Amino acid sequence: MEPVALPARKWESDPSFGHNRGRQAPHVDTFLQQLINGLTLGSVYAIVALGYTMVYGIIQLINFAHGEVVMIGAMVAYSVIVGLVGAKVALPPLAIVLIGLVTAIPVCMAVGYTLERVAYRPLRRAPRLAPLITAIGLSIILQHLAMIIWSRNPLPYPQIVQTVPYHLTDSPNGATITNVQIAIIGGSFAMMGGLLALVYRTKLGIAMRATSQNQAVAGLMGIDIDRVIAVTFVIGAALGAVAGVMVGSYYGVAHYQMGFLLGLKAFSAAVLGGIGNLAGAMLGGVLLGMIEALGAGYVGELTNLCQLSDWSTTIAERCETDPNLTLFGSNYQDVFAFIVLIAVLVFRPSGLLGERVSDRA
Amino acid sequence: MHAFFDTRKHPELVWVGIVVVAMTLTALPFALAGVGTAWVRITNSAILYVFLALGLNIVVGFAGLLDLGYIAFYAVGAYTYALLASPHFNIHLPFWIVLPIGAGIACLFGALLGAPTLKLRGDYLAIVTLGFGEIIRIFLNNLSQPVNITNGPQGITLIDPFRIGGFNFKTSQTIVGLDFTGPIKYYYFLLIVLIAVIVINLRLQNSRLGRAWEAVREDEIAARAMGINTRNVKLLAFAMGASFGGLAGGMFSAIQGFISPESFILVESINVVAMVVLGGMGNVWGVILGALLLSFMPEILRYTVGPIQEQLFGRMLLEPEVIRMLLFGFALVLMMLFRPAGILPSALRKRELESVVRQKYE
Amino acid sequence: MSDAALLAAEGITKRFGGVQALADVGFAIRPGEIYGLIGPNGAGKTTLFNVLTGIYPHDGGTFIFDGAPLSGLKPNQVAERGIARTFQNIRLFANLSAVENVMVGRHVRTHATVFGAIFRNARTRAEEKGIERRSYELLEYVGVHKRANDLAKHLAYGDQRRLEIARALATEPKLLALDEPAAGMNATETTTLKQLLQNIRRDGTTILLIEHDMKLVMSVCDRVLVLDYGKKIAEGPAADVQKNPKVIEAYLGGDVAEHLKGAAA
């Protein structure tokens, strides 16, 4: 077995930390490369978005603390992986990651279940804002508990699985896809497939769909509503755990605040696809990932004021010293998700695949 | 004894009460300064939080619209002041011009955000405002390139204090034998604004507009069927809340003398929401109490939790900041579960009928 | 028709997906009458209310109210034009007091702005006083003045129904549209309600009434419109409609109606 070493502090020296690790200098294959990076990111968004959309579909509430579940997943797996690596357990790297994952899933399921019991079940008949506020409270509690347990610093995820890039074109500088990316994309799609099968092919799935249509009637038909809703939270949390481990391994870092932005983006993805709609969450996630990757890849180029050098001598002068006089650089990457969210809500609140939701008279 | 405090039998007691409160508030900064000037500063910042909480209360408490990015308006007001009254652009406008401009720009931002999003259902609005708050912060952090507007993460320094003619709010001076430090001067300024803000809030709530907000909060469809233009009314709540935030931001800027995007992070928005929820949504006095409690809490924690931990464990296990955040979290959860109306649930406003009508009905 | 109709509907059509909720419905309500709207459950009565008051847009047809069309108006504009309504499943402002509920109804007939609210000038104060006085009067009018300072949600069911009527009346409607006001009321309450409806009409407000309590409809309505599956199947004086075989069929089902006809013959 290969010796595994912690690539310590890699995240500190890497200027692209926190953004897309796979981003490269612009070249002919930028588009293809960003598409692949976007697809990877988007697959993760998609499975987090599924958690939001399932809960929304069944009780029409936003599970604000879902992002924190993802964070807990990443953290728990981190501890397990670091523990196993530190103990020099003679296992292949992939097995170690899988053990981390398998530990994280039940922990997250328990967190998801607790969320439902504490924040949502007692307030099912309360005004809509009440459970949202409780969920914000729980989100703060989870974040700070995580901070107490795992420290306030970013934790370097052990890069024990060797990253192997595969060239997609003949050019040696061409776009590549790594084995980690393949695993993330493949794993995400497999889980989406599994979830669809669960919802549309099993008795539990029928109960879930019935409950989402009409809770009272489903209850009268002998469905245990409380159980179905709890199960929905738990399944969403399990998906979140997997997403957490994926994000951790892809970016090589875990942090107690990582769930916030990720959750917000995944929620945007769910809204983009049509909240409450499973296929919509997947589509929205993948699309949002691509929008972000392509946006981050091109926004600097597109808003480079040096293109206007012919029009203004001031600009031309400045461009001689600084050829990258960009209005918006890739540091605006996080803005894209919000702009997409606001645009969708304004122009097509039902999302791409969703039905229009409106209050009834 | 009980009858003695019955204000209906002794209306003059109301005035006695007002005089006592007024004297206490007037003497307060000197008493605090005796303990330490820091406490005057802390009180000033608590009053700023009261402004924020009251502004947000218009949006959340009166109109029932959850705004999770409220701090963005505070930021807009603060940066407006900083840019128009500092060496950064070498513009030095007087505060009584810049404060209204800041409030106005924040109001405009509120309307810009509200116009397209207010038709959304409450929980969507919450998320969109959250996103908006982050967008503002990201822009503040990055608008130093290619033209330096906000000076990025370093923020803006040397912001002008309030000045009226030769009277400078920042410097200490002795008036009638009393030592008026900068924070004490600001305290009195804030106190006067605070009284105005409270009066405005109470009057707004108890007006045609305030009832329309509450109607929208209770049942939007019924409100519309009663002839209320819910879209305009909500937009107005949003814009008014935003201008209060902007106003508070301007004062923050001047009092601090330095601002950076760090001051306008999401936690601050949540902080203000917690104040409103804890005090009791829609209840002006409750919200004030909530804001005061939560803004003094970290200071009290700093002086209690730290030493207690040192005593018990010989070192600091949990920083006061972490405990504060955990308490916020638990406060939000427990309040919603067990006391959704807040610590001071709004007493039903008993309407006193005009005497003629009252005789007829009693 | 001698005098112009207060509300004239023509060819009103509304579809929800594949369901035809209203098909070519037309009627005319004269000023000062109590006009009943009846039909079996799901006949489209509430849909007609929602379309009339602008909550849903309609797919076809026109409403002419008080000489001008209502098409495209939002619910608040409809209220401003003079149509006020109540809801089948009571929609009061639960956490406002009874009198405040009625005061909200005065919104559309008053004018105070933000500045008025903040500065409390003489005009605003006078307006506020007027709002308060009128609201108490209306509470007394419908008979819930003793509960004026109670939260709407703490009122008894029958009181809530009457409070909703007071709130609607506060908008000074020309047409008051009531959606099942007697639902859930006992016999005594229904009798009081009947008196209230007659008083409202006497005081000059026209009433459009959806009601399942046939006794109330027959005793209080001048004319009645019967809907079934979104279609108008009868219209006319209450007594005539009651005998209309189509109406009996709609209510009792075809077989029973046939049977009754046979028995009568």
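All values reported here derive from a predicted model rather than from experimental measurement. No hydrogens, no waters, no symmetry mates; every other heavy atom, side chains included, goes into these values.
For C:E127, the part sitting under 4.5 Å from any heavy atom of chain B is the side chain, from C-beta outward, and nothing else. For C:R109, no part lies near chain B; criterion is any non-hydrogen pair under 4.5 Å. Of the atoms belonging to C:I131, it is side-chain heavy atoms, and not backbone ones, that fall under 4.5 Å from chain B. Neither the backbone nor the side chain of C:T53 has a heavy atom closer than 4.5 Å to any heavy atom of chain B.
Under the 4.5 Å side-chain criterion, counting only non-hydrogen atoms from C-beta, C:V114 is in contact with B:L204. C:R91 is listed as a side-chain neighbour of B:D219, based on a closest heavy-atom distance under 4.5 Å. Annotation: side chain of B:N206 is in contact with side chain of C:R120 (closest heavy-atom distance under 4.5 Å).
Here the shortest heavy-atom pairing between C:L96 and B:A215 reads CD1-N, 4.5 Å. The two residues B:A222 and C:F93 have their closest heavy-atom pair at CB-CE2, 3.8 Å.
Ranked by heavy-atom pairs shorter than 4.5 Å toward chain C, the options B:I228, B:L236, B:N229, B:V199 are led by B:I228. Options C:N101, C:V104, C:L92 differ in how many heavy-atom pairs under 4.5 Å they form with chain B, and the most are formed by C:V104.
B:R208 places a side-chain N or O within 3.5 Å of a backbone atom of C:A112 that can act as its donor or acceptor partner. Counting only distance, with no hydrogens or angles, the side chain of B:R224 and the backbone of C:P75 share no donor-acceptor pair below 3.5 Å. Looking at C:E128, its side chain never comes within 3.5 Å of a backbone N or O of B:S207 through a donor-acceptor pair.
Separating the OG1 atom in C:T124 from the CZ atom in B:R203 is a distance of 9.5 Å, to the nearest 0.5 Å. For the atom pair CD1 (C:I118) and CG (B:N201), the distance works out to 9.0 Å, reported to the nearest 0.5 Å.
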Kindly determine whether B:T230 and C:N76 satisfy side chain to side chain contact (heavy atoms under 4.5 Å, CB included), including the steps that lead there.
CA-CA 8 Å; B:T230 51; C:N76 53 299; 6.0 Å; no
Verdict with reasoning, C:V108 to B:M226, per side chain to side chain contact (heavy atoms under 4.5 Å, CB included):
CA-CA 7 Å; C:V108 72; B:M226 289 302 110; over 6 Å; no
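Among B:E214, B:R217, B:E218, the one residue that satisfies the side chain to side chain donor-acceptor pair (under 3.5 Å) test with C:N95 is B:E218.
Heavy-atom neighbours of C:R201 CZ from other residues, nucleotides or ligands within 6.0 Å: above the threshold of 12.
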